[in-house]
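Treat the numbers as computed from the prediction; the structure is a model and nothing was measured. Every heavy atom of this structure was used, including side-chain atoms; hydrogens, water molecules and symmetry mates were not.
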Amino acid sequence: MPIVEARKLTKQYHEKIALKSINMGIDRGDFLAVVGPSGSGKTTFLRLLDLLDEPTKGQILYDGVDTAQPEKERLTIRRHIGIVFQQSVMFNTSVYDNVAYPLRIRGANRDLTQKVDETLALVRLEGFEERRATALSGGEMQRVSLAQALIFDPELLLLDEPTANLDPKNSVIIEQIVSKVNREHKVTVVMATHNMLQAQNLASKAAVLREGELTEIGSVEEVFRKPSDFLTDFAKLQNVYSGQARVIEPGLALIDIGGKVTIEVTTQKEGNVTMFIRPEEIIVSTSPIRSSARNMLKGKVIEVVDLNRQVQIKVDTGKEFTAVITRRSFEEMKLNLGSQVYLNFKASSVHVI
């Protein structure tokens, strides 16, 4: 019997249908990665599994029991479920008090200090007990959030893009912790992510959401060995924008993609066009560089994703661009969230589709 099961699960917000008749069973001990682009319904799905929201239609069964119960019974079920959101929210108190809070509200005060110490060791924050939680780095705060979700030994752990805004070091630590609690503690994990490599490295099963619909589900090998056209496009095509193109000289056009960003492109097309730039074709620097590249955009790093030997960064230039650089370059430039960088790419690197 699945630990949790969705039957024709539908969620609608006003006129928008966020999830459309999802059918899915998650077995005890599974590590399921739910992948899809922004707006595909991943967060909505996790909130429904955590019983934070109620379905518009359909059912959620937990250990075979319909969760459409009075609030008291739903709360009893929720006490077996831990969730970590993309953004950490801390009480302005010590790390110890933040981590102990889930046990205190459950009335489980026996051996509290020992349990807090064990959980902080698990998330590699030993010695942080007396530090003020709100003064920690973003990665440390996310590990406190993970400790809060793990301290009561949940049966089901839900993770919503847990490493999306973190530096590579903390991303790796969180991935290692989550993998350990799944393998050694037999905690069932459901993780929403847009990081294909992360899904393949951590999960045993994968589900693909597209505009609220479940389009694929199976083992990681089955889903990623021969990916669908949608999954291929989602995984590989980034930095996709539409805009107005006008020819400025023979063979060269300028595309206005909004946000006060214009891109020079080798094309003769004019009017409405769609273009994309592969992340690996963007050169990242911390100061303006002299090169043959006709495009240089200044921006701020807003997301860092560890890809083992490479690092993927998202940069806000007025429009958000994704670039992939080597770990060595990332470390030599001393990049982190908030770093100012320049993105450089040739007009011929921009593909008009």
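There is a path of hydrophobic side-chain contacts, each under 4.5 Å, that joins M191 to L146. Using a 4.5 Å cut-off between side-chain heavy atoms of Ile, Leu, Val, Met, Phe, Trp and Tyr, with links allowed through other members, I151 and I83 fall into different hydrophobic clusters. Hydrophobic clustering keeps I302 apart from V304 (ILVMFWY residues linked when any side-chain heavy atoms are closer than 4.5 Å, directly or through intermediates). Cluster membership for I283 and I277, using ILVMFWY side-chain heavy atoms within less than 4.5 angstrom, is not shared. A continuous path of ILVMFWY side-chain contacts below 4.5 Å connects F31 to I177, so both sit in one hydrophobic cluster.
In summary, K115 and D153 engage in a salt bridge, as defined by a charged side-chain N under 4.0 Å from a carboxylate O.
Taken from NZ in K269 to OG1 in T267, the straight-line distance is 6.0 Å, to the nearest 0.5 Å. Interatomic distance, I263 CD1 to S349 OG, rounded to the nearest 0.5 Å: 11.5 Å. In this structure, L159 CG and I174 CD1 are separated by 9.0 Å, a value rounded to the nearest 0.5 Å. Here CD of Q86 is found 5.5 Å from CD of E161. Values are rounded to the nearest 0.5 Å. In this structure, the separation between CZ on R74 and CG on L51 is 4.5 Å, given to the nearest 0.5 Å. To the nearest 0.5 angstrom, S145 atom OG is 10.0 Å from Q87 atom CD.
Closest non-hydrogen pair, V116 versus A100, comes out as CG2-CB, 3.9 Å. Closest of all the heavy-atom pairs between A245 and V273 is CB-CG2, 3.9 Å. In terms of heavy-atom proximity, D256 sits nearest to T262 at CA-CG2, 4.0 Å. Contact detail for V261 and T317: the closest heavy-atom pair is CG2-O, 3.6 Å. Nearest heavy atoms, I81 versus D50: CG2-OD1, 3.2 Å. Taking all atoms of both residues into account, the shortest heavy-atom contact from R143 to V123 is NE-O, 3.1 Å.
Annotation: side chain of L214 is in contact with side chain of L209 (closest heavy-atom distance under 4.5 Å). The shortest distance between side-chain heavy atoms of V284 and L343 falls below 4.5 Å. Contact annotation: the side chain of E126 never approaches that of L120 to less than 4.5 Å [non-hydrogen atoms, C-beta and beyond]. Taking 4.5 Å as the limit, every side-chain heavy atom of V247 sits out of range of all side-chain heavy atoms of L252. Put simply, the side chain of V144 reaches to within 4.5 Å of the side chain of V99, judged on heavy atoms. In this structure, the side chains of H80 and P154 stay at 4.5 Å or more apart for every pair of heavy atoms. At a threshold of 4.5 Å between non-hydrogen side-chain atoms, the residues L157 and V181 count as touching. In this structure, V189 and V178 have side chains that are in contact, with non-hydrogen atoms separated by less than 4.5 Å.
Within 6.0 Å of atom CD in E211, 12 or fewer heavy atoms from other residues, nucleotides or ligands are found, so the atom counts as exposed in its surroundings. The environment of NZ in K346 is sparse: at most 12 heavy-atom neighbours from other residues, nucleotides or ligands sit within 6.0 Å. For R104, the CZ atom sits in a packed shell: over 12 heavy atoms of surrounding residues, nucleotides or ligands are nearer than 6.0 Å.
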Legend entry - Working for side chain to side chain contact (heavy atoms under 4.5 Å, CB included), residues E175 and L202: CA-CA 7 Å; E175 288 176 352; L202 296 179; 3.8 Å; yes

Inset, instruction - Walk me through it: do T113 and Y96 pass the test side chain to side chain donor-acceptor pair (under 3.5 Å)? - result: CA-CA 8 Å; T113 298; Y96 179 96; 2.9 Å; yes

Inset, instruction - Determine, stepwise, if the pair E155 / R28 fulfils side chain to side chain contact (heavy atoms under 4.5 Å, CB included). - result: CA-CA 8 Å; E155 297 177 325; R28 192 174 293 275; 3.9 Å; yes

Inset, instruction - Walk me through it: do V4 and L61 pass the test side chain to side chain contact (heavy atoms under 4.5 Å, CB included)? - result: CA-CA 6 Å; V4 63; L61 279 65; over 6 Å; no

Legend entry - Intermediate values then yes/no, side chain to side chain contact (heavy atoms under 4.5 Å, CB included), I3 and D27: CA-CA 5 Å; I3 185 173; D27 293 331; over 6 Å; no

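For the pair N98 (side chain) and M90 (backbone), a donor-acceptor distance under 3.5 Å is absent. Under a 3.5 Å cut-off, the side chain of N23 and the backbone N or O of K8 do form a donor-acceptor pair. The backbone N or O of A18 sits nowhere less than 3.5 Å from a side-chain atom of T44 that would complete a donor-acceptor pair. Distance alone, capped at 3.5 Å, places no donor-acceptor pair between the S285 side chain and the P288 backbone. A donor-acceptor distance shorter than 3.5 angstrom exists from the side chain of Q142 to the backbone of P162, with no hydrogens or angles considered. Listed for the Q59 side chain is no donor-acceptor partner under 3.5 Å among the backbone atoms of T67. Side-chain atoms of N182 come within 3.5 Å of backbone atoms of G29 as a donor-acceptor pair (strictly under, hydrogens ignored). Remark: side-chain polar atoms of R210 are not paired, donor with acceptor, to backbone N or O of G36 under 3.5 angstrom. Checking side-chain atoms of Q176 against main-chain N and O of I173 turns up no donor-acceptor pair under 3.5 Å. Using a distance-only test at 3.5 Å, with no hydrogens or angles considered, a donor-acceptor pair links the side chain of N239 to the main chain of T322.
Qualifying salt bridge (Lys or Arg N to Asp or Glu O under 4.0 Å) partners for D53, counting only residues two or more places apart in sequence or in other chains: R47. Residues passing the side chain to side chain donor-acceptor pair (under 3.5 Å) test with R328 are E332, sequence neighbours excluded.
For the pair R131 and F128, the cation-pi criterion (under 6.0 Å, within 45° of the ring axis) is fulfilled. Judged by the 6.0 Å and 45° rule, R79 forms no cation-pi pair with F152. Judged by the 6.0 Å and 45° rule, K11 forms a cation-pi pair with Y13.
Side chains of Q310 and T326: a donor-acceptor N/O pair is absent below 3.5 angstrom, by distance only. Defined by atom type and a distance below 3.5 Å, a donor-acceptor pair is present between the side-chain atoms of D160 and T43. For D30 and T188, the side-chain atoms include no donor-acceptor pair closer than 3.5 Å. Remark: the E5 side chain and the Y62 side chain contain no N/O donor-acceptor pair separated by less than 3.5 Å. Using modelled atom types, one finds no donor on one side chain facing an acceptor on the other under 3.5 Å when comparing S21 with T10. Side-chain atoms of Q198 and T193 include a donor-acceptor pair closer than 3.5 Å. A donor and an acceptor atom, one from each side chain of N170 and T163, are nowhere located under 3.5 Å apart.
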